[in-house]
Amino acid sequence: MIKIGLLGCGNVGHIIATHAESIQVVAVFDIIPGRAEELAALCHARAYTDFDAFMQEDFSIVVEAASVGAVRCYAETVLRSGRDIILLSGGALADVEFRDHLIEVAREAGKKIRVPSGAIIGLDNIKIGQVSPPKKLLLRTTKPPASLGLPVTTRMEIFKGLAHDCIKQYPKNVNVAVALGLAAGRDIDVELWIDPEAERNIHEIFVEGDFGDIYVRVRNVPSPDNPATSYMAALSILTLLKNLENPLVVGT
Ligand SMILES: NC(=O)C1=CN([C@@H]2O[C@H](COP(=O)(O)OP(=O)(O)OC[C@H]3O[C@@H](n4cnc5c(N)ncnc54)[C@H](OP(=O)(O)O)[C@@H]3O)[C@@H](O)[C@H]2O)C=CC1
Ligand SMILES: O=C([O-])CC(=O)C(=O)O
């Protein structure tokens, strides 16, 4: 059974810890002691607020479900310790210098950085962009005001530009945009909308290239404990973990 260390005991951490079937959550880490202890009790793991002590535990992979800042703080140490890491806050990799450094560390350590599909669909074949760059690659994300904590009463665009700039302003809402860009091999255009009529977190992907064109729309149910995070993001990690050791790999 794969043993994991869970970095982040919030909304996604709870879903992973309480739905894990083919994995064992050995240790959990959060900056807030009460959160770590409560989650550890739920999944029979050990709770840590000291990262170095957490890293002494016996697990082979760290699942990050915390924040962009946590990735910057801890990912390198995880890789250097000889563990793989799954990054839900993949927005941290929008910083090219940090990304290149982390990839080099992973290469030296012989370990993997995995960025799951998270709250979006289609990362597998967007990778064709790495061999045939798309002419257009746009993500239009629409969220209800609660997801962004903004008291907006009419639909409005709050960001238009490149993913690497958007993630700086909205690190809890557009990790998907950075993941899309990592898959496609280039930064992508992003529109972020806030809509009081929207009941779901909606991601629309528009791609045009030599292959033809794509339109994908995902209408995500917000997570029960964090409306900014779509429930699908937690399911995506659970699925990644379930398939880690499967000899049959489906999708590009
Ligand atoms: N790639 C994707 O598709 C998606 C990515 N995400 C990202 O996944 C992450 C987890 O989401 P979710 O579970 O809903 O978030 P939550 O805010 O519910 O939980 C995150 C937990 O991690 C803690 N935390 C944050 N930073 C650190 C740190 N440096 N060290 C230790 N603990 C830390 C938080 O504490 P505190 O509350 O004090 O900050 C909180 O307890 C977020 O970064 C989110 O933006 C979410 C959805 C989709
Ligand atoms: O959950 C979502 O819909 C997307 C999200 O928050 C993110 O990418 O950071």
Less than 4.5 Å apart, any side-chain heavy atom of [X] and any of [Y]?
X	Y	value
Val62	Ile4	no
Arg72	Asp95	yes
Ile205	Ile214	no
Arg186	Pro134	yes
Arg200	Lys143	no
Thr142	Arg155	yes
Thr18	Cys43	no
Leu139	Glu191	no

What distance do [X] atom [atom1] and [Y] atom [atom2] have between them, rounded to the nearest 0.5 Å?
X	Y	atom1	atom2	value
Ile61	Arg83	CD1	CZ	11.0 Å
Glu199	Arg219	CD	CZ	8.5 Å
Leu39	Ile16	CG	CD1	9.5 Å

Shared hydrophobic cluster for [X] and [Y] (ILVMFWY, side-chain gaps under 4.5 Å):
X	Y	answer
Ile113	Phe59	yes
Ile237	Val221	no
Val12	Ile23	yes
Leu6	Leu240	yes
Leu93	Leu88	no

**Request:** Decide side chain to side chain contact (heavy atoms under 4.5 Å, CB included) for Leu244 and Ile2; before the verdict, give the C-alpha distance in whole Å, the side-chain angles of both, and the deciding distance to 0.1 Å.
**Result:** CA-CA 9 Å; Leu244 264 184; Ile2 298 171; 3.8 Å; yes
So, [X] and [Y], do they make that salt bridge, N to O below 4.0 Å?
X	Y	value
Asp189	Lys160	no
Asp58	Lys3	yes
Glu57	Arg46	yes

**CA sep, side-chain torsions, deciding dist, call: Lys111, Val105, side chain to side chain contact (heavy atoms under 4.5 Å, CB included)** = CA-CA 8 Å; Lys111 292 292 138 190; Val105 170; over 6 Å; no
**Message:** Please determine whether the number of non-hydrogen atoms from other residues, nucleotides or ligands lying under 6.0 Å from atom CD of Glu245 exceeds 12.
**Reply:** no
Distance only, no hydrogens: is a donor on one side chain within 3.5 Å (strictly under) of an acceptor on the other, for [X] and [Y]?
X	Y	answer
Ser89	Asn175	no
Ser223	Asn11	yes
Thr141	Asn201	no
Glu76	His101	yes

**Request:** Determine, step by step, whether Leu162 and Val190 satisfy the side chain to side chain contact (heavy atoms under 4.5 Å, CB included) criterion, reporting the C-alpha distance in whole Å, the side-chain angles of both residues, the deciding distance to 0.1 Å, and the verdict.
**Result:** CA-CA 6 Å; Leu162 290 168; Val190 179; over 6 Å; no
**Asked** Do the two ring centres, one from Tyr74 and one from Phe54, sit under 6.0 Å apart?
**Response** no
**Request:** Taking the six-membered ring for Trp and the single ring otherwise, decide whether the centroids of Tyr48 and Phe29 are under 6.0 Å apart.
**Result:** no
**Asked** Using a side-chain heavy atom cutoff under 4.5 Å and only I, L, V, M, F, W and Y, what cluster partners does Leu248 have?
**Response**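 The other cluster members (ILVMFWY side chains, heavy atoms under 4.5 Å, direct or chained) are Val250.
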**Request:** Please lay out, stage by stage, how Glu38 and Arg35 fare under the test salt bridge (charged side-chain N to carboxylate O under 4.0 Å, His left out).
**Result:** CA-CA 5 Å; Glu38 189 243 350; Arg35 283 202 195 143; over 6 Å; no
